[in-house]
Amino acid sequence: MTPVTIIPGSGPVILGQPHSGTFVPDDIFARLNSLGKELRDTDWHVPQLYEGLLPGATIVRANFSRYVIDANRDPEGTSLYPGLNVTELVPTSTFDDEPIWHANPTKADIAQRIGSFHRVYHAALEAEIARVKAAHGFAVLYDCHSIRSEIPYLFDNQLPDLNIGDNSGRSCAPAITSAVAAICAQSCLYSHVVNGRFKGGWTTRHYGRPETGVHAIQMELVQRCYLESEMPPFSYSTSRAAPLRDLLGTILKAVEDTANSSLKTET
């Protein structure tokens with residue numbers, strides 16, 4: 001198993017997909033309990049959902065499960081949302097706060113997984129950001145995520161369908177966030193929020209440095225919009241996904257067009 005899939009593109013947009021992988025090495029899988037082996041907190045079918053929506057986009061995809069290690073968490077273990085319930089760099093429980101291991105991973109286990117998986121994913125992402133920036137003068141990282149619509153341990157009530165995060169305006173040019181939000185606001189099918197419960201994970205915050213020409217924005221989608229059910233087996237629904245794919249395609253084209261028009265002017 002290759003930890004990361006890289007599909008280089010010619011355009012300025014990079015699609016990060018850190019949580020759609022389901023690979024777990026045999027020795028690690030054996031240590032998961034029956035609930036953990038369901039991998040239920042995967043960003044199910046995100047690659048299929050985004051496939052072909054933006055010709056020329058680069059894709060950097062983690063193939064390993066977030067239960068092995070979460071590629072969207074600070075390797076130092078710093079919480080993304082101090083004071084709120086969150087999952088760790090190597091999760092010890094589900095999003096519902098249910099244990100997933102027979103015995104929790106040790107510090108040595110975590111260190112090994114940082115080197116074998118987390119660091120490999122981010123080395124690939126950094127290389128593609130550098131390549132795209134060299135070609136265009138800037139790069140836009142669009143981080144693709146999805147989540148169940150109701151998780152009381154993590155947030156109250158039901159999430160909006162489309163959750164846009166730019167680290168409260170710090171990780172990308174305002175014109176990019178505004179373009180995405182404007183398209184979402186025009187939809188009669190889906191609700192949205194900007195910098196709500198999810199303001200962007202470690203990837204968005206770490207790489208999003210507009211002053212250096214690297215912009216990052218996160219989209220957290222609610223899985224009810226494109227899955228048959230938010231329970232196992234988490235099957236993809238072509239009919240539910242169709243209108244969402246249309247909207248996402250429009251969003252990605254707007255991200256690219258806005259970047260090409262406004263960021264090239266700045267650089």
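Computed over heavy atoms, backbone and side chain alike; hydrogens, waters and symmetry mates excluded.
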Asks: Check whether any side-chain heavy atom of Asp74 sits under 4.5 Å from a side-chain heavy atom of Leu80, and report yes or no.
Replies: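 Heavy-atom side-chain distance check fails, nothing below 4.5 Å.
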Asks: Is Leu227 reachable from Leu162 through a run of I, L, V, M, F, W or Y residues, each pair having side-chain heavy atoms under 4.5 Å apart?
Replies: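 In one cluster: yes.
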Asks: Is the backbone N or O of Val132 less than 3.5 Å from a side-chain atom of Glu128, with the two atoms forming a donor-acceptor pair by type?
Replies: no
Asks: Begin with the C-alpha distance, continue with both residues' side-chain angles, and end with the deciding distance and a verdict on ring pair (Phe, Tyr, Trp, His ring centres under 6.0 Å) for Phe64 and Phe117.
Replies: CA-CA 8 Å; Phe64 52 90; Phe117 298 99; 5.2 Å; yes
Asks: Is the side chain of Asn195 donor-acceptor paired with the backbone N or O of Ser168 at a distance under 3.5 Å, no angle test?
Replies: yes
Asks: Grab the two heavy atoms, one from Pro25 and one from Val68, that are nearest each other, plus how far apart they are.
Replies: CD-CG2, 3.9 Å
Asks: What's the spacing between Trp44 CH2 and Leu49 CG if we round to 0.5 Å?
Replies: 15.0 Å
Asks: What about Trp202 and Leu89, same hydrophobic cluster or not, with Ile/Leu/Val/Met/Phe/Trp/Tyr joined at side-chain heavy-atom distances under 4.5 Å?
Replies: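 No, because Trp202 and Leu89 fall into different hydrophobic clusters, even though each may have its own neighbours under 4.5 Å.
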Asks: May I have the step-by-step check of salt bridge (charged side-chain N to carboxylate O under 4.0 Å, His left out) for Asp96 and Arg148, ending in yes or no?
Replies: CA-CA 11 Å; Asp96 299 306; Arg148 286 179 283 136; 3.1 Å; yes
Asks: Sorted by first residue and then second, give each salt bridge (charged side-chain N to carboxylate O under 4.0 Å, His left out) pair with at least one member in residues 166-190; sequence neighbours left out.
Replies: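 Checked against salt bridge (charged side-chain N to carboxylate O under 4.0 Å, His left out) - neighbours excluded - no pair reaches residues 166-190.
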Asks: Does Phe234 offer a backbone N or O that forms a donor-acceptor pair with the side chain of His45 under 3.5 Å?
Replies: yes
Asks: Side chain of Asp109, backbone of Thr106: donor and acceptor closer than 3.5 Å?
Replies: yes
Asks: Do Leu125 and Thr203 make a side-chain contact, defined as non-hydrogen atoms from C-beta onward lying under 4.5 Å apart?
Replies: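 Of all side-chain heavy-atom pairs linking Thr203 with Leu125, at least one is under 4.5 Å.
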Asks: Looking at residues at least two apart in the chain, or sitting in another chain, which of them share a side-chain contact (heavy atoms from CB on, under 4.5 Å) with Glu228?
Replies: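 In terms of side-chain contact (heavy atoms from CB on, under 4.5 Å), with neighbours along the sequence ignored, Glu228 is linked to Ser235, Ser237.
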Asks: So which heavy atom on Cys184 is nearest to which on Ile164, and how close?
Replies: SG-CD1, 4.0 Å
Asks: Should the pair Arg31-Asp27 be classified as a salt bridge under the 4.0 Å nitrogen-to-oxygen rule?
Replies: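 Asp27 and Arg31: not salt-bridged.
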Asks: Do Thr204 and Ile217 have side-chain heavy atoms sitting under 4.5 Å apart?
Replies: no
Asks: Show your reasoning for whether ring pair (Phe, Tyr, Trp, His ring centres under 6.0 Å) applies to His145 and Phe198.
Replies: CA-CA 11 Å; His145 296 262; Phe198 298 102; 8.8 Å; no
Asks: Check whether any side-chain heavy atom of Ile100 sits under 4.5 Å from a side-chain heavy atom of Thr92, and report yes or no.
Replies: no
Asks: Would Arg197 and Tyr81 count as a cation-pi pair here, with the cationic atom under 6.0 angstrom from the ring centre and within 45° of the axis?
Replies: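 Pair Arg197/Tyr81 counts as cation-pi.
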Asks: Evaluate Ile147 against Asn163 for side chain to side chain contact (heavy atoms under 4.5 Å, CB included), listing each step before the verdict.
Replies: CA-CA 10 Å; Ile147 194 169; Asn163 299 266; 5.7 Å; no
Asks: Is there a side-chain contact between Ile28 and Phe23 in this structure, where contact means two heavy atoms from C-beta onward sitting under 4.5 Å apart?
Replies: no
Asks: Could you walk me through whether Tyr67 and Arg40 pass the side chain to side chain contact (heavy atoms under 4.5 Å, CB included) test, one step at a time?
Replies: CA-CA 10 Å; Tyr67 285 180; Arg40 65 171 52 197; 4.0 Å; yes
Asks: Looking at Tyr190 and Asp161, what are the two nearest heavy atoms and their distance?
Replies: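 Where Tyr190 meets Asp161 most closely, the heavy atoms are CA-OD2, 3.2 Å.
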Asks: Checking the side chain of Thr250 only, and the main-chain atoms of Asp246 only, is there a donor and an acceptor separated by less than 3.5 Å?
Replies: yes
Asks: Check Ile6 against Ala124 and note the closest heavy-atom contact, atom names and distance.
Replies: CD1-CB, 3.6 Å
Asks: Test side chain to side chain contact (heavy atoms under 4.5 Å, CB included) on Arg61 and Ser20; report intermediate values, then the result.
Replies: CA-CA 8 Å; Arg61 177 185 307 142; Ser20 59; 3.8 Å; yes
Asks: For Arg209, check side-chain hydrogen bond (donor to acceptor under 3.5 Å, both in side chains) against everything at least two apart and list the hits.
Replies: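 For Arg209, no residue satisfies side-chain hydrogen bond (donor to acceptor under 3.5 Å, both in side chains) once neighbours in sequence are set aside.
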Asks: Side-chain heavy atoms nearer than 4.5 Å, only ILVMFWY residues, links allowed to pass through others: does that put Ile183 and Leu221 together?
Replies: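 Yes: a chain of side-chain contacts under 4.5 Å links Ile183 to Leu221.
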Asks: In this structure, would Met231 and Val222 fall into the same cluster of hydrophobic residues linked by side-chain contacts under 4.5 Å?
Replies: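 Cluster IDs for Met231 and Val222 differ.
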Asks: Does a donor on one side chain and an acceptor on the other come within less than 3.5 Å for Asn63 and Thr5?
Replies: yes
Asks: Is a donor on one side and an acceptor on the other found under 3.5 Å between the side chain of Gln218 and the backbone of Gly201?
Replies: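 Such a contact is found between Gln218 side chain and Gly201 backbone.
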Asks: Under 4.5 Å between side-chain heavy atoms, counting indirect links through other Ile/Leu/Val/Met/Phe/Trp/Tyr residues: same cluster for Ile110 and Val24 or not?
Replies: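 Result: yes, single cluster for both.
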Asks: Would a distance-only check, ignoring hydrogens and angles, find a side-chain to backbone donor-acceptor pair under 3.5 Å from Thr177 to Pro174?
Replies: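 Judged by distance alone, no pair lies under 3.5 Å.
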Asks: Under a 3.5 Å distance rule, please check whether His19 uses its side chain to pair with a backbone N or O of Thr42 as donor and acceptor.
Replies: no
Asks: With no hydrogens and no angle check, do the side chains of Arg73 and Thr78 hold a donor and an acceptor under 3.5 Å apart?
Replies: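 No, because no side-chain N or O of Arg73 sits under 3.5 Å from a partner of the opposite role on Thr78.
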Asks: Pro210 versus His215: any side-chain heavy-atom pair under 4.5 Å?
Replies: yes
Asks: Between Ser149 and Glu230, is there a side-chain donor-acceptor contact under 3.5 Å, judged purely by atom types and distance?
Replies: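 Result is yes, a qualifying pair exists.
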Asks: Do you know the tightest heavy-atom contact between Pro8 and Thr58?
Replies: C-OG1, 3.8 Å
Asks: Which atom pair, heavy atoms only, marks the closest approach of Pro243 to Leu189?
Replies: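 Closest approach of Pro243 to Leu189: CB-CD1, 3.8 Å.
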Asks: Distance check, rounded to the nearest 0.5 Å: Asn72 atom CG versus His206 atom NE2?
Replies: 11.5 Å
Asks: Nearest 0.5 Å, what's the CG-CD distance between Asp41 and Glu98?
Replies: 9.0 Å
Asks: Just by modelled atom types, is the Pro91 backbone N or O under 3.5 Å from a matching donor or acceptor in the Trp101 side chain?
Replies: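 A pair under 3.5 Å: yes.
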Asks: How many angstroms lie between atom CG of Leu244 and atom CD1 of Ile251, to the nearest 0.5 angstrom?
Replies: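 It is 8.0 Å, given to the nearest 0.5 Å.
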Asks: Nearest 0.5 Å, what's the CD1-CZ distance between Ile69 and Arg113?
Replies: 7.5 Å
Asks: Nearest 0.5 Å please: distance from the OG atom of Ser239 over to the OH atom of Tyr226.
Replies: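 These two atoms lie 14.0 Å from each other.
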Asks: Could you check whether any side-chain heavy atom of Tyr50 comes within less than 4.5 Å of a side-chain heavy atom of Leu252, counting everything from C-beta outward?
Replies: yes
Asks: Evaluate the side-chain proximity of Asp43 to Arg66: yes if any heavy-atom separation is below 4.5 Å, no if none is.
Replies: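 Arg66 vs Asp43: side chains touch.
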Asks: Are any side-chain N or O atoms of His136 and backbone N or O atoms of Ser10, one a donor and one an acceptor, separated by less than 3.5 Å?
Replies: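 It does hold such a pair.
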Asks: Tell me yes or no: between the side chains of Gln223 and Ser146, is some donor less than 3.5 Å from an acceptor?
Replies: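 Gln223 vs Ser146: donor-acceptor pair found between side chains.
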Asks: Should Thr212 and Tyr207 be marked as a side chain to side chain contact (heavy atoms under 4.5 Å, CB included) after you check the CA-CA gap, both sets of side-chain angles, and the distance that decides it?
Replies: CA-CA 10 Å; Thr212 71; Tyr207 294 104; over 6 Å; no
